[in-house]
Engineer: 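Dropping a structure here in structure tokens format, bear with me for questions.
Residue numbers begin at 1 in each chain, while the letters A, B, ... track the order of the sequences. Side chains included, hydrogens not; waters and symmetry mates left out as well; all remaining heavy atoms used.
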Amino acid sequence: MTSLKNLHDFDKISFQKDLIDWFQKEQRDLPWRKDKDPYKIWVSEIMLQQTRVDTVIPYFNNFIEKFPTVDALAEANEEEVLKAWEGLGYYSRARNLQEAVREVKEKYNSQVPKKKEEIASLKGVGPYTTGAVLSIAFNLPEPAVDGNVMRVLSRILSIWDDIAKSSSRKIFETAVRELISHENPSFFNQALMELGALVCTPTSPSCLLCPVREHCHGFQEGVEDHLPVKTKKKKPRSIQLAAAVLTDQAGRLLIHKRPNKGLLADLWEFPNVELHLSFSDEKARLKDFLKETYHVTANPEHFLCSIEHVFTHLIWNIRVYKGELQTSVTESDKLKLVTIEEITKLAFPVSHQKILKAFLKNSKL
DNA sequence: CATGCGTGGTT
DNA sequence: TAACCAAGCAT
């Protein structure tokens, strides 16, 4: 572990003041900063995981309007919660949040717990979110180390550990425990993150505008552009899929609910199958798949569109066909026929929203 | 501890 | 435009 040698002659008190004073003046007016309701802080922190502030704002406002309290979210249908999360990504966050909120309702009388061990044990609440809720909502001096904090502190303290490694977080937690203001831990943590978002940005940080420039070892050493150290990620692999938009005689569409674990868990989709190299005729493969897997007879023969969808770790290339159902379908929890009206109530991944959009556009012609 | 898990914006 | 990023967590 890094020695954090730069902490020895670090003017902690002056740093805290410069940082917090700047935050008091310059902080953005964000919807989750209107009050200190721990439930709202919690929701915002889950949504903000790996997600930009500008993206989160409308989702947060809509979500809080629909589910204003712990009880409201605990009592909602999962379908409704996923619909409110549709398009935000990382959908297990939504299911974990609802599971955790239900635990808070049952075990803690609908009050978000203040004990670290209790909040940390909730589903979807890891080390960062634990510290964020404890410090921001309850003003307790706990570190909340996210990517911003690691970037900012790696520069200020000239820490050269690779922040892509999961072991590095502890180094920064140690640094925050040493530096955090016990008078205002909430503002201290938020200020570190806000500084990372507004000034100490990943590329071309605005050092000349930085309120803590005089405390920054990275700037003094002229190495701010070389920090943080972060190893590259691997390229995504690509997967070939064939999908079918199938209608019955009433014009209803056949949809399938994805498994409750893994990629896009619990979201709805149009029936689709992976195309391995061994299949040369994708329309025949799709037709066989529908028959074998869903016991559905159909003719997905008219090419509709081709869609590329990029995830963090893989790329879907979907070739989409449309057709008609030729026999009746046995519906279930996982397989449904829905009208265009009904389909809008269900949560679909963006890739399949693109398919629906292409189908609707094509149908009108 | 490395990997799987979304999406849209920037450079 | 491909690469990189944005307030991480579960496994």
Side-chain angles (χ1 to χ4, degrees), chain A residues 23 27-28 30-33 40-60 82 85-97 99-100 119-133 135-137 143-152 162-170 172-173 176 186 189-198 200-205 228 230-239 258-267 269 308-316 347-354:
Chain A
F23 181 70
Q27 64 167 301
R28 290 168 291 179
L30 299 172
W32 45 89
R33 288 178 174 164
K40 292 183 200 164
I41 303 291
W42 180 12
V43 170
S44 75
E45 293 300 341
I46 300 299
M47 286 189 169
L48 286 162
Q49 289 169 10
Q50 302 291 283
T51 311
R52 315 176 79 86
V53 165
D54 289 344
T55 302
V56 167
I57 290 172
Y59 281 91
F60 176 83
L82 284 173
W85 211 273
E86 182 186 55
L88 195 53
Y90 290 134
Y91 299 96
S92 64
R93 291 183 296 175
R95 279 177 303 121
N96 290 340
L97 175 60
E99 183 181 333
I119 189 163
S121 74
L122 295 168
K123 203 67 175 293
V125 178
Y128 164 75
T129 305
T130 299
V133 173
S135 62
I136 298 171
V145 173
D146 67 345
N148 279 314
V149 172
M150 288 197 282
R151 181 175 62 257
V152 168
D162 181 357
I163 67 166
K165 286 176 161 331
S166 40
S167 57
S168 294
R169 196 195 72 250
K170 290 179 180 299
F172 293 92
E173 285 178 348
V176 171
S186 169
N189 278 346
Q190 291 186 76
L192 277 183
M193 292 188 275
E194 195 82 341
L195 190 66
L198 300 181
C200 195
T201 46
T203 56
S204 55
K230 190 177 187 182
T231 52
K232 320 251 185 204
K233 288 177 182 170
K234 285 181 289 188
K235 286 185 187 171
R237 62 195 170 87
S238 92
I239 293 180
R258 294 177 60 86
N260 67 358
K261 287 191 185 306
L263 183 64
L264 305 168
D266 283 351
L267 270 64
E269 65 181 2
E308 180 185 85
H309 190 79
V310 180
F311 298 88
T312 306
H313 57 302
L314 55 86
I315 300 173
W316 274 358
F348 283 72
V350 169
S351 49
H352 286 251
Q353 292 175 38
K354 291 178 191 167

Engineer: What's the gap between C:dA3 and B:dG6 when it is taken at their P atoms, as a whole Å value?
Structural biologist: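 Per the computed distance, 22 Å lies between those P atoms.
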Engineer: Taking the C1' atom in each of B:dC1 and C:dA10, what is the distance between them to the nearest angstrom?
Structural biologist: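 So the two C1' atoms sit 13 Å from each other.
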Engineer: Between A:Thr129 and A:Gln49, does any side-chain donor sit less than 3.5 Å from a side-chain acceptor?
Structural biologist: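 There is such a pair between these side chains.
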Engineer: To the nearest Å, give me how far apart CD1 (A:Ile46) and C1' (C:dA10) are.
Structural biologist: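 Those two atoms, CD1 and C1', are 12 Å apart.
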Engineer: If you check the A:Ser166 side chain, which of C:dG8, B:dA2, C:dC5 turns out closest?
Structural biologist: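 For the A:Ser166 side chain, the nearest candidate turns out to be B:dA2.
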Engineer: Nearest to the A:Lys232 side chain among C:dC9, C:dC4, C:dA6, which nucleotide is it?
Structural biologist: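 Nucleotide nearest to A:Lys232's side chain: C:dC4.
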Engineer: When we call it a touch if two heavy atoms are under 4.0 Å apart, what does A:Val53 touch: a base, just sugar-phosphate, or nothing?
Structural biologist: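 Contact class for A:Val53: base.
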Engineer: Heavy atoms only, 4.0 Å cut-off, all strands: where does A:Leu192 land among base, sugar-phosphate and nothing?
Structural biologist: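 Touches nothing.
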Engineer: For A:Leu48 and C:dG8, give me the distance from atom CG to atom C1', rounded to whole Å.
Structural biologist: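 Going from CG in A:Leu48 over to C1' in C:dG8 covers 11 Å.
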Engineer: Please confirm whether the shortest side-chain N or O distance from A:Lys234 to OP1 or OP2 of B:dT3 is below 4.0 Å.
Structural biologist: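 Yes, such a contact exists.
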Engineer: Below 4.0 angstrom from OP1 or OP2 of C:dA3, is there any side-chain N or O of A:Lys235?
Structural biologist: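 Result: yes.
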Engineer: Regarding A:Arg258, tell me which of base, sugar-phosphate or nothing describes its non-hydrogen contacts under 4.0 Å with the strands shown.
Structural biologist: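 Here A:Arg258 touches no strand at all.
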Engineer: When all nucleic acid strands are considered with a 4.0 Å heavy-atom cut-off, which category describes A:Trp32: base, sugar-phosphate, or nothing?
Structural biologist: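 If one applies the 4.0 Å heavy-atom cut-off, A:Trp32 turns out to touch a base.
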Engineer: Looking at C:dC9, C:dT11, C:dC5, which one has an atom nearest to any side-chain atom of A:Thr129?
Structural biologist: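 Between C:dC9, C:dT11, C:dC5, the one nearest the side chain of A:Thr129 would be C:dC9.
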Engineer: If the sugar-phosphate is the primed atoms plus P, OP1 and OP2 and the base is the rest, what is the B/S/- string for nucleotides 5-11 of chain B, using protein heavy atoms under 4.0 Å?
Structural biologist: BBBB---
